[in-house]
**Q** 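For reference, the structure I am asking about is given below.
Please read all numbers here as calculations on a predicted model, not as lab measurements.
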Amino acid sequence: MRKALFLVGVLALALGISYLVLHKSNSDGAKAEERDTPLTISSKSSAFNRSVTSVLKSYYALTDGFVNTDSMQINESARNLNNLVDSIRFDQLKADTAIVETAVNLAQSMKGDIAGLLGEKTMEQKRREFNMITDQLYSLVRTVSYDGGVIYHLRCPTAFPDSTEAYWLSPSNKIVNPYWGKNSTGANKKMQDCGEVIDSIHFSGPLSE
């Protein structure tokens with residue numbers, strides 16, 4: 001009888017040890033699996049975001065041209081912007097077909113407005129085309145949920161002689177109005193820091209390779 005009880009005890013101890021070892025193994029495996037689970041992945045590759053970032057930098061250079069009221073800088077930046085819009089890596093945009101098509105159409109419309117800007121002779125008309133380029137680019141970065149950095153959408157309430165409002169994009173919330181350049185004089189000179197931030201775009205998320 002004692003021998004039987006002893007064997008039962010040994011068996012129970014062995015089963016207990018096996019359970020603890022198995023439980024620890026499963027627990028460690030679960031923790032490892034949890035650690036290996038990736039964070040939320042962006043729907044865009046780093047190549048796509050880099051191409052859009054290049055477009056934005058060229059657009060900001062174009063903005064500076066208007067701030068400086070420099071026709072040569074404006075035209076050079078516009079030509080560079082046109083080339084970079086052609087180079088946007090839409091093939092790397094992982095999104096619904098309708099979104100991709102919308103983004104491509106916005107880029108093509110932007111190219112049409114850039115061509116219009118380059119064809120204009122007066123600074124006022126160039127600025128009107130710049131406003132249209134801004135609208136297309138603003139829609140584009142929102143459509144593709146660009147997450148390469150913060151973009152501020154700013155408004156000038158009286159950008160043109162007829163008091164028409166206009167917009168521009170900037171990586172900073174500081175007001176440096178491209179519709180009233182540094183060469184403005186008299187009352188117009190006060191308009192250089194006139195404007196307001198009406199929106200900020202920041203779709204956060206890590207990049208996928």
Side-chain angles (χ1 to χ4, degrees), residues 51-88 102-203:
S51 68
V52 177
T53 298
S54 295
V55 167
L56 285 165
K57 287 181 178 179
S58 183
Y59 169 87
Y60 297 146
L62 178 60
T63 304
D64 290 341
F66 282 109
V67 169
N68 297 326
T69 320
D70 185 333
S71 294
M72 288 185 63
Q73 182 181 357
I74 289 169
N75 290 338
E76 181 180 351
S77 297
R79 284 190 287 267
N80 186 47
L81 178 59
N82 186 69
N83 293 335
L84 290 170
V85 170
D86 266 338
S87 301
I88 296 177
T102 298
V104 170
N105 289 336
L106 287 167
Q108 291 303 313
S109 295
M110 196 189 315
K111 284 177 59 66
D113 293 330
I114 294 170
L117 183 155
L118 289 169
E120 296 293 351
K121 303 301 181 184
T122 69
M123 190 60 64
E124 179 185 334
Q125 290 304 318
K126 284 182 179 294
R127 284 189 167 112
R128 289 184 183 276
E129 292 290 345
F130 172 72
N131 183 45
M132 296 173 69
I133 292 169
T134 297
D135 287 344
Q136 301 294 347
L137 183 54
Y138 175 64
S139 296
L140 176 60
V141 294
R142 285 171 57 86
T143 297
V144 301
S145 299
Y146 172 75
D147 55 11
V150 180
I151 303 169
Y152 293 94
H153 191 209
L154 303 101
R155 182 178 75 95
C156 175
T158 54
F160 302 109
D162 59 0
S163 296
T164 303
E165 65 181 12
Y167 301 83
W168 77 98
L169 303 177
S170 173
S172 169
N173 60 4
K174 181 180 179 181
I175 304 298
V176 183
N177 194 324
Y179 296 98
W180 299 95
K182 292 180 179 178
N183 292 341
S184 300
T185 58
N188 292 341
K189 191 174 182 64
K190 298 179 180 179
M191 298 296 290
Q192 293 171 13
D193 59 356
C194 175
E196 62 178 338
V197 176
I198 61 171
D199 188 20
S200 63
I201 306 169
H202 187 201
F203 296 95

**Q** Pick from Leu169, Thr63, Val85, Leu117: which one makes a side chain to side chain contact (heavy atoms under 4.5 Å, CB included) with Ile133?
**A**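 Among the candidates, only Leu117 passes.
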**Q** Working to the nearest 0.5 Å, report the span between OH of Tyr152 and CG of Asp199.
**A**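 Output value for this atom pair is 11.0 Å.
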**Q** Taking only residues at least two apart or on different chains, which pairs with a member in residues 113-125 satisfy side chain to side chain donor-acceptor pair (under 3.5 Å)?
**A**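 As it turns out, the side chain to side chain donor-acceptor pair (under 3.5 Å) pairs with a partner in residues 113-125, which skip direct neighbours, are Glu124-Arg128.
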**Q** A quick test of your reading: do over 12 heavy atoms of other residues, nucleotides or ligands sit less than 6.0 Å from CZ of Arg142?
**A**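 Not more than 12 within 6.0 Å, no.
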**Q** Please evaluate residues Leu81 and Val55 with respect to the criterion side chain to side chain contact (heavy atoms under 4.5 Å, CB included), reporting the C-alpha separation (whole Å), side-chain torsions for both, the decisive distance (0.1 Å), and the verdict.
**A** CA-CA 6 Å; Leu81 178 59; Val55 167; 3.7 Å; yes
**Q** Trp168 and side chain to side chain contact (heavy atoms under 4.5 Å, CB included): which partner among Val67, Ile175, Leu137?
**A**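 Exactly one pass, corresponding to Ile175.
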**Q** Tell me, please, which residues at least two apart from Ser54 pass side-chain hydrogen bond (donor to acceptor under 3.5 Å, both in side chains).
**A**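 For Ser54, no residue satisfies side-chain hydrogen bond (donor to acceptor under 3.5 Å, both in side chains) once neighbours in sequence are set aside.
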**Q** Sequence neighbours left out, what pairs pass ring pair (Phe, Tyr, Trp, His ring centres under 6.0 Å) with at least one residue falling in residues 103-142?
**A**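 Output for this query lists Tyr59-Phe130, Phe66-Phe130, Phe130-Tyr179, Tyr138-His153.
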**Q** Taking all heavy atoms of Ser51 and all of Ile88, pick out the closest pair and write down the distance.
**A**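 The pair with the smallest heavy-atom distance is OG-CA, 3.6 Å.
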**Q** Contact between Ile74 and Leu62 at the side-chain level, heavy atoms closer than 4.5 Å - yes or no?
**A**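 Yes. Closest side-chain heavy atoms under 4.5 Å.
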**Q** Within this structure, what is the CD1-OG distance for the pair Ile151 and Ser172, rounded to the nearest 0.5 Å?
**A**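 One gets 13.0 Å once the value is rounded to the nearest 0.5 Å.
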**Q** What residues, two or more places apart in sequence or in another chain, satisfy side-chain contact (heavy atoms from CB on, under 4.5 Å) together with Ser109?
**A**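 By the side-chain contact (heavy atoms from CB on, under 4.5 Å) rule, Ser109 matches Gln136.
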**Q** Using salt bridge (Lys or Arg N to Asp or Glu O under 4.0 Å) as the criterion, list what pairs up with Lys126, not counting sequence neighbours.
**A**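 Counting only residues at least two positions away or on another chain, Lys126 forms no salt bridge (Lys or Arg N to Asp or Glu O under 4.0 Å).
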**Q** Report yes if the side chains of Thr53 and Tyr146 come closer than 4.5 Å at any heavy-atom pair, otherwise no.
**A**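 Yes, their side chains come closer than 4.5 Å.
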**Q** Going by salt bridge (charged side-chain N to carboxylate O under 4.0 Å, His left out), name the pairs with one or both residues in residues 75-84, residues two or more places apart or in two chains.
**A**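 Residue pairs with at least one partner in residues 75-84: there are none.
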**Q** What closest approach, in Å, do Ser77 and Ser58 show between heavy atoms, and which atom pair accounts for it?
**A**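 It is O-OG, 3.4 Å.
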**Q** Keeping Asp70 on the side-chain end and Gly65 on the backbone end, is there a donor-acceptor pair under 3.5 Å?
**A**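 A pair under 3.5 Å: no.
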**Q** Can you tell me how far CZ of Arg127 sits from CD of Glu129, rounded to the nearest 0.5 angstrom?
**A**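 Going from the CD atom of Glu129 to the CZ atom of Arg127 covers 13.5 Å.
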**Q** Restricting to non-hydrogen atoms, name the atom on Cys156 and the atom on Asn177 that form the minimum distance, rounded to 0.1 Å.
**A**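 Reported closest heavy-atom pair: SG-ND2, 3.2 Å.
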**Q** Return the OG1 to CE distance between Thr69 and Met123, rounded to the nearest 0.5 Å.
**A**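 The CE atom of Met123 is 6.0 Å from OG1 of Thr69, to the nearest 0.5 Å.
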**Q** Which atoms form the tightest heavy-atom contact between Val150 and Ser200, and what is the distance?
**A**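 Minimum heavy-atom contact is CG1-CB, 4.5 Å.
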**Q** Between atom CG of Leu84 and atom NZ of Lys111, what is the distance when rounded to the nearest 0.5 Å?
**A**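 Result: 10.0 Å between the selected atoms.
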**Q** Check whether any side-chain heavy atom of Cys194 sits under 4.5 Å from a side-chain heavy atom of Trp180, and report yes or no.
**A**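 Heavy-atom side-chain distance check fails, nothing below 4.5 Å.
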